[in-house]
Structure formats: structure tokens, C-alpha cells
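A short worksheet on the structure shown next.
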Amino acid sequence: MFLTALAVHLPRTAPHPEGSDQRMTKPESAGYDYDVVISGASLAGSAAAILLARRGVRVALLERRSDPDAYKVLCTHSLQAGAYPVLDELGLVPALEEAGAVRNEARWYTRWGWIEPRAAPAGPELPYAYNIRRSTLDPLIRSRAAQTPGVDLFPGHQVTGLVREAGRTVGVRASTQKGGREIRARLVVGADGKDSAVAKFAGVPARLHDNARFGYLAHFRDLPLHGGIGQTWFLEPDMAYGFPNDDGVTVIAVLPDKRRLPAFREDLEGSFLEFVRALPEAPPVDSAERITKIIGTVDYPLHSRKPTAPGVALIGDAALTGDPLWGVGCGWALQSAQWLAETVASAATGRGDLDRSLAVYARTHRRRLRGHQYLAADFAKGRPFNPLERLMFSAAARDESMARHMYRFASRLIGPLRFLNPMALAKASAVNLRHRGAAVPPAHLSHTGS
């Protein structure tokens with residue numbers, strides 16, 4: 001195993017009329033309607049559209065749903081601290097705070113006790129991003145994309161095929177309420193989720209990893225959490241988390257081992273509430289108001305795809321879908337959008353080699369996320385902690401500096417190699433040795449017998 005081997009709502013403008021051209025100039029090369037066409041106007045797609053357009057790229061942003069307030073329902077509703085720089089570049093931080101987004105500090109329960117990263121009395125403030133419901137976030141970022149010069153938003157456009165010439169993709173075919181249409185572009189971006197139609201039409205296969213847990217969640221109002229921050233419970237193999245969100249709403253999710261599924265299904269509501277009540281320092285769900293149904297999925301495999309093909313790039317869940325228990329999907333959607341914009345913007349306007357730029361994006365995506373996904377896929381087997389994880393989690397429960405180190409990794413601010421670097425492993429070993437030494441009574445107090 002890898003571990004072992006490592007010893008807001010803004011006022012919306014009306015979308016541009018279908019087929020309209022809001023620009024003064026056409027793309028440089030004849031035959032292209034846009035420089036880039038993006039399928040999916042959720043987090044990844046909207047962020048990519050904004051960041052590309054700011055770099056001079058003409059973007060067609062397609063969204064299969066017609067409702068401007070459409071949003072993803074099944075989600076952790078959390079943006080990892082690693083995505084904060086993207087939010088800052090997008091200019092969304094003030095709007096998120098105005099919309100009531102909650103800074104997502106967290107603590108984690110383990111068999112060794114609670115890991116408390118913010119318990120340290122001194123030291124720099126912990127990095128953060130936000131917990132915010134997708135019902136608030138998705139319309140906010142989509143609205144911002146629609147208002148960005150260089151972006152044409154087309155709601156009610158579902159991609160039904162790709163336009164291909166000489167072995168590469170040069171556009172999409174889409175169905176609309178008015179019939180089918182074709183939009184040609186140098187680059188097609190799939191930001192259309194784990195079941196990406198763009199990936200399917202481009203022939204990009206997915207590598208699947210089984211998930212041995214199922215998951216259900218519900219939203220509660222006026223549900224206090226200890227310290228007012230997020231909580232995660234590592235119960236080996238079962239998991240649970242609670243995240244405070246905007247408007248006084250808290251998301252509670254349970255992720256039990258699949259062996260518990262038959263009994264769980266017999267009484268979904270009763271099983272869900274019983275599971276939460278049994279958690280250490282359990283949130284008082286019986287005194288809170290549940291404002292949504294209990295929703296979830298019984299089969300949510302992790303998958304990854306090569307994020308590029310000739311004339312195609314994949315971002316967000318279309319490229320990589322992680323285990324929902326880690327809450328990384330929203331953050332990685334934003335980050336992959338940023339990496340794509342940084343690497344392909346110039347080439348997408350005809351001022352560079354697009355294939356070479358896509359190769360740079362693919363390398364960046366692989367370097368930044370492959371290690372995280374490997375560990376997540378391994379833990380999704382429902383196994384207990386392995387030796388290195390026991391070393392690091394137990395030390396983090398006993399030492400504030402190790403807890404902050406754990407926080408940086410859980411927030412995806414550092415990767416697995418930095419998390420398990422030799423100095424961190426040595427520090428964790430020393431912490432645990434001191435703990436064991438402190439637990440042994442002095443020799444003169446031990447029972448000698450007579």
C-alpha cells in the first residue's frame with residue numbers, strides 16, 4: 001500500500017439569447033463559434049468560465065438545467081481550505097461571507113480521543129475556507145459567471161455528442177427546447193459531473209474504486225455542535241460528520257459500513273437518528289428542527305479519469321470523484337478549474353500549442369490529486385486504520401502541533417508526502433512514546449509483592 005511504502009446571491013443578469021453574439025470580434029480562426037465550450041455550469045464549470053474569460057478567452061457555458069437557481073443536492077456543502085486561493089481570485093470571498101458562509105474549522109473523534117487543531121493557545125490562525133449550502137453557492141457562482149464579460153451562459157443545453165475532425169474534438173452538439181444545435185470551439189471542457197457525458201462521448205474511461213460505505217444526510221436548523229465548528233467521527237469502519245452551514249443550518253451525515261445496510265433500510269429515519277444519538281458528544285438532533293428529508297446513496301464508488309483527450313479537458317467530478325466522507329469534491333472542482341485556466345488560456349485563443357498546454361494541465365492534476373485519491377480509495381475499503389494512520393492520528397489526539405499538521409493535510413493544503421514526511425513521523429513517534437511513558441507508574445510506586 002502507498003502508506004506502507006512511504007517509511008451570495010448577486011443580482012443575476014438574463015442569459016444571452018440562444019445563438020446571440022455579445023462580442024465585437026469573432027475568434028481568430030474561422031470556423032469556431034467560441035474559444036472554449038464548457039458543459040456544466042455548476043462549481044467547476046462556472047469557475048473555469050470566469051477564470052478563462054478574465055484571461056481573454058471567449059467561453060460558451062452550457063447548463064442542461066433551465067432553472068438559474070438549480071443546485072446539487074447530494075453534497076457535503078464544504079469548501080476545503082485548499083480552495084481558498086481560488087475563491088479569492090474569483091472575488092467570491094466577500095459575497096460568501098455576506099451570504100452567511102461558515103468558516104470550516106473542524107475537530108475529529110478517534111479511538112484515542114478528540115483531535116483539536118484550534119486548541120493551541122498560540123500560533124498563526126488556522127487556514128480556512130467555508131461551509132455553505134449548494135442551494136446558496138451554485139446560483140451565486142453561476143450568476144457571477146453570467147455577468148463576466150467573455151462568457152455566454154446557455155441554460156437548457158444538454159450535450160448529446162461531440163463534433164470531431166481529424167481525430168480531435170472541435171465542438172459539441174446539444175439539445176435545447178428549440179431543437180438541436182452545434183457549437184464549435186478549440187477546446188471542449190467537461191464539467192458535467194461523475195457521469196460526464198463529455199467524457200463518455202470522448203471515449204475517456206473511468207477507473208472505479210469500490211466504496212464499502214453507504215451514506216445518508218439531512219439538514220437541521222438550530223443544531224449546536226461542540227465549539228460551533230465541524231465534527232467528524234472516525235469509528236472504524238463507520239464514519240459520521242456534522243458541518244455548520246449558512247442560515248443556521250447544520251448538515252449531519254452518517255456513513256456506515258455496507259454490512260449494516262439491510263438493517264438500516266428497514267427503518268431509515270429511526271436508524272439514522274439512532275446512529276447520530278450514539279456518537280460521542282452527539283449533536284442533540286431530537287431538540288433540533290429537521291428541515292429536509294434524509295437523502296443519500298447506497299453505492300458511491302470513487303473514480304478517476306485521465307483529465308484530457310485531444311481537444312477535451314475534464315474538471316471537477318468529471319475528472320476525479322472522491323469519497324464524500326472527506327468533503328473534497330467542491331474544493332477540487334474549484335482548484336481543477338483554476339489549473340485548467342492557468343495552463344490553457346493562451347492556447348485556447350490560438351496563441352499557443354493547445355495539446356502541449358493540455359499535457360501540462362494533466363500533469364498538474366495528477367501531481368496534486370493522485371496521492372490524495374489513492375489514500376481515499378484505500379480507506380474506502382472500510383478497513384480500520386493501518387499502522388501509519390494509527391501513528392499519526394493517535395499523536396494528533398495527544399499533541400497540538402500534530403493536530404495542526406493533521407488539519408493541514410485534511411484541508412488539502414499539503415499532500416501525503418508532506419503529511420508523512422520523516423520529521424512528522426519522528427515527531428509522532430516521540431509524542432506517542434512520551435504518552436506511553438507517562439502512563440507507566442514510577443517504579444517506586446509499583447506493586448512489588450511480599
Side-chain angles (χ1 to χ4, degrees), residues 1-7 76 78 80-82 103-129 131 225-244 253 255 279-282 322-323 325-328 331 371-376 378-380 382-439:
M1 290 190 305
F2 180 70
L3 275 175
T4 305
L6 288 173
T76 61
S78 185
Q80 293 279 10
R103 297 185 182 188
N104 54 3
E105 297 174 284
R107 60 199 292 262
W108 307 289
Y109 176 82
T110 72
R111 62 171 111 157
W112 303 278
W114 286 94
I115 298 173
E116 305 270 10
R118 79 171 186 183
E125 181 183 34
L126 288 170
Y128 62 86
N131 298 331
L225 296 173
H226 182 89
I229 62 175
Q231 328 274 306
T232 299
W233 290 265
F234 289 87
L235 304 173
E236 300 181 71
D238 297 340
M239 298 286 302
Y241 61 76
F243 292 158
L255 300 107
L279 295 172
E281 296 186 14
D323 190 335
L325 78 83
W326 301 110
V328 294
H372 288 293
Q373 180 76 336
Y374 187 99
L375 298 186
D378 187 47
F379 195 68
R383 60 167 177 77
F385 287 142
N386 64 31
L388 275 182
E389 289 165 343
R390 290 198 296 271
L391 172 69
M392 299 301 284
F393 276 73
S394 60
R398 295 162 177 162
D399 180 85
E400 291 168 353
S401 65
M402 289 302 300
R404 294 172 76 90
H405 183 64
M406 176 76 71
Y407 180 89
R408 285 188 284 272
F409 175 64
S411 300
R412 311 302 155 179
L413 294 163
I414 60 174
L417 290 175
R418 286 186 62 190
F419 175 56
L420 297 172
N421 73 76
M423 291 185 63
L425 294 175
K427 174 70 178 293
S429 298
V431 166
N432 288 334
L433 285 172
R434 285 199 303 271
H435 175 81
R436 286 201 273 284

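We count residues from 1, following the sequence as given.
Both cation-pi conditions hold for Arg412 and Phe409: the charged atom is under 6.0 angstrom from the six-membered ring centre and inside a 45 degree cone around its axis.
At distances below 3.5 Å, not a single donor-acceptor pair connects side-chain atoms of Trp112 with backbone N or O atoms of Arg398. In terms of modelled atom types and a separation under 3.5 Å, the side chain of Ser411 and the main chain of Leu413 share no donor-acceptor contact. His372 places no side-chain N or O within donor-acceptor distance of the main-chain N or O of Pro416, the cut-off being under 3.5 Å. Gln231 places a side-chain N or O within 3.5 Å of a backbone atom of Ile229 that can act as its donor or acceptor partner. Without hydrogens or angle criteria, Asn131 side chain to Pro244 main chain gives a donor-acceptor distance under 3.5 Å. In terms of modelled atom types and a separation under 3.5 Å, the side chain of Arg107 and the main chain of Glu116 share no donor-acceptor contact. Judged by distance alone, the side chain of Tyr407 and the main-chain N or O of Pro127 form a donor-acceptor pair under 3.5 Å.
The side chain to side chain donor-acceptor pair (under 3.5 Å) check on Glu105 picks up Arg118, with sequence neighbours excluded. Residues passing the side chain to side chain donor-acceptor pair (under 3.5 Å) test with Tyr128 are Arg103, sequence neighbours excluded. When the side-chain contact (heavy atoms from CB on, under 4.5 Å) test is applied to Ala380, the partners found at least two apart in sequence or on another chain are Asn211, Leu302, Asp323.
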Decide yes or no on side-chain contact (heavy atoms from CB on, under 4.5 Å) for Met239 and Phe234, but give the supporting numbers first.
-> CA-CA 5 Å; Met239 298 286 302; Phe234 289 87; 3.5 Å; yes
Leu279 and Tyr109: side-chain contact (heavy atoms from CB on, under 4.5 Å), yes or no, with the steps?
-> CA-CA 9 Å; Leu279 295 172; Tyr109 176 82; over 6 Å; no
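The aromatic rings of Phe379 and Phe385 sit parallel, their planes meeting at an angle under 30°, below the 60° perpendicular limit.
Between Ala403 and Ala396 the shortest heavy-atom distance is CB-O, 3.5 Å. Shown here for Asn386 and Asp378, the closest heavy-atom pair between the two residues is ND2-OD2, 4.5 Å. Heavy-atom minimum distance, Phe419 versus Met406: CZ-SD, 3.8 Å.
Around CZ of Arg418, the count of heavy atoms belonging to other residues, nucleotides or ligands within 6.0 Å does not exceed 12.
The structure places CZ of Arg434 at 11.0 Å from OG of Ser429, a figure rounded to the nearest 0.5 Å. Rounded to the nearest 0.5 Å, atoms CD1 (Ile115) and OG1 (Thr110) are 5.0 Å apart.
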